[in-house]
Every structure is written in C-alpha cells, then in structure tokens.
Amino acid sequence: EDQVTQSPEALRLQEGESSSLNCSYTVSGLRGLFWYRQDPGKGPEFLFTLYSAGEEKEKERLKATLTKKESFLHITAPKPEDSATYLCAVHSPGNQFYFGTGTSLTVIP
Amino acid sequence: DAEITQSPRHKITETGRQVTLACHQTWNHNNMFWYRQDLGHGLRLIHYSYGVQDTNKGEVSDGYSVSRSNTEDLPLTLESAASSQTSVYFCASRENTGELFFGEGSRLTVL
C-alpha cells in the first residue's frame, strides 16, 4: 500500500534556528511530490512540486529536495510567520494523491 | 482571480439528517476532489470527478455521494449524517497536470 510518512509530528524552533522536515514515501513510479502549507482554519496552500530525484526548489526561506525515498523541506532562519502545518503529498501512478499527516511548525520569537 | 469556494464554512447538524456541502471553482478545471481531514490522519479522498457526469469513489466514500452536472460545481452529500462524519471537508481542483488547489474548508459537526 502506498504510504506517506512525515516527521517530526511537531517542531518548535527559535526564530533564526534552521531545521528540516522529512517526508518519506513508498510509492513506486512517483509522478510528483508536493509540499503544502496549511494555516489554522484554512485550506492547504501550494508551495512546491518535485518530480525527480536530485531536484530542488526554493522560495524565500524554504528549500525542498527530493531523493528516491524521501523529501526534505529545509527552513533557513525561520520567522514566526513561518509557523504553520506543512503537508506533503505524493502523486501515484494510479493518478491518486496520498497525503502525510503533516508537521506542525512553531517558530518562537 | 480564479478561485475555489466552499459553503457553508461551518455547519452543525443532527444524526440522520441529509447534508450537502457546496464546492464551486472558477478555473474551469476538469478534475475536482473532496477530502476530509481528521486529527491523526492525512487528507483522505472521499470522491472525485474527472469531468461532467463522471464521479468516482475514493478511499472513504461510504455514506457520501457526489454529482457533477457542470464543470464548476461538485456538491458533496451526506445522505444520513453520522457522528463519525464530524470532520473538516476540503474541496480541491486541478488541471490534468500540476498541483491541487484547495478551498478554505467546511467544518461539519454531527450531534
């Protein structure tokens, strides 16, 4: 069965303290890996799509990377406004999207 | 700007009642989806549609139905609401490739 696992479940960082979120997956024939940001009471907001191992995408303080088994979302010098839940999803060969349970990030001023 | 809107945003209902959640998108996307989000679970697919008159069951479809009479709308109906259907529901749409675009969600409480 296709699975997506995110770790850690929750992460508390001091402002400026860089870290990484992990998304591991077991889907074979990945058609894409997606990262989303979700704020409380809101729908997920698209951040990045990665399609092949070795690919990297950047946006402000966020950088997403992809290997054959996992993806990392690196957060450099985070700010309190980066606090949110970060979701990853894989697009399978069966044209389905499988979501992880997310990492809840809190950045403390 | 194109968008996807859900209504109502919040609803409280009683066990056994029929409930319909509306989803409307203005991107002209063929593909539309309904997910539910619960603590401890990722977003789980309820139903999806690849075009007008096309509907398909997802992972957690029992107790739910959808219909697709035009490109813009995919209403989700709970035929007889149960307490286990208390959740936050998200509608999403996408082109044939690329990312999913999500609505703001509908929080449903079944008493």
Can you tell which part of [X] gets under 4.5 Å to a heavy atom of chain A, answering side chain, backbone, both or neither?
X	result
B/Leu45	side chain
B/Gln37	side chain
B/Tyr50	side chain
B/Arg107	neither
B/Leu39	neither

Does [atom1] in [X] sit with more than 12 non-hydrogen atoms of other residues, nucleotides or ligands closer than 6.0 Å?
X	atom1	result
A/Arg61	CZ	yes
A/Glu17	CD	yes
A/Arg12	CZ	no

- Within a strict 4.5 Å, meaning less than it, do heavy atoms of the B/Glu104 and B/Ile4 side chains meet?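 With C-beta onward as the side chain, the pair stays apart.
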Structural part of [X] lying under 4.5 Å from a heavy atom of chain B:
X	answer
A/Gln6	neither
A/Gln96	side chain
A/Phe97	both

- For the pair B/Asp62 and B/Lys57, find out whether any cationic side-chain nitrogen is under 4.0 Å from an anionic carboxylate oxygen.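 No, this pair does not count.
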- Among B/Thr13, B/Thr109, B/Leu78, B/Thr15, which one satisfies side chain to side chain contact (heavy atoms under 4.5 Å, CB included) with B/Gln85?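 Answer after filtering B/Thr13, B/Thr109, B/Leu78, B/Thr15: B/Leu78.
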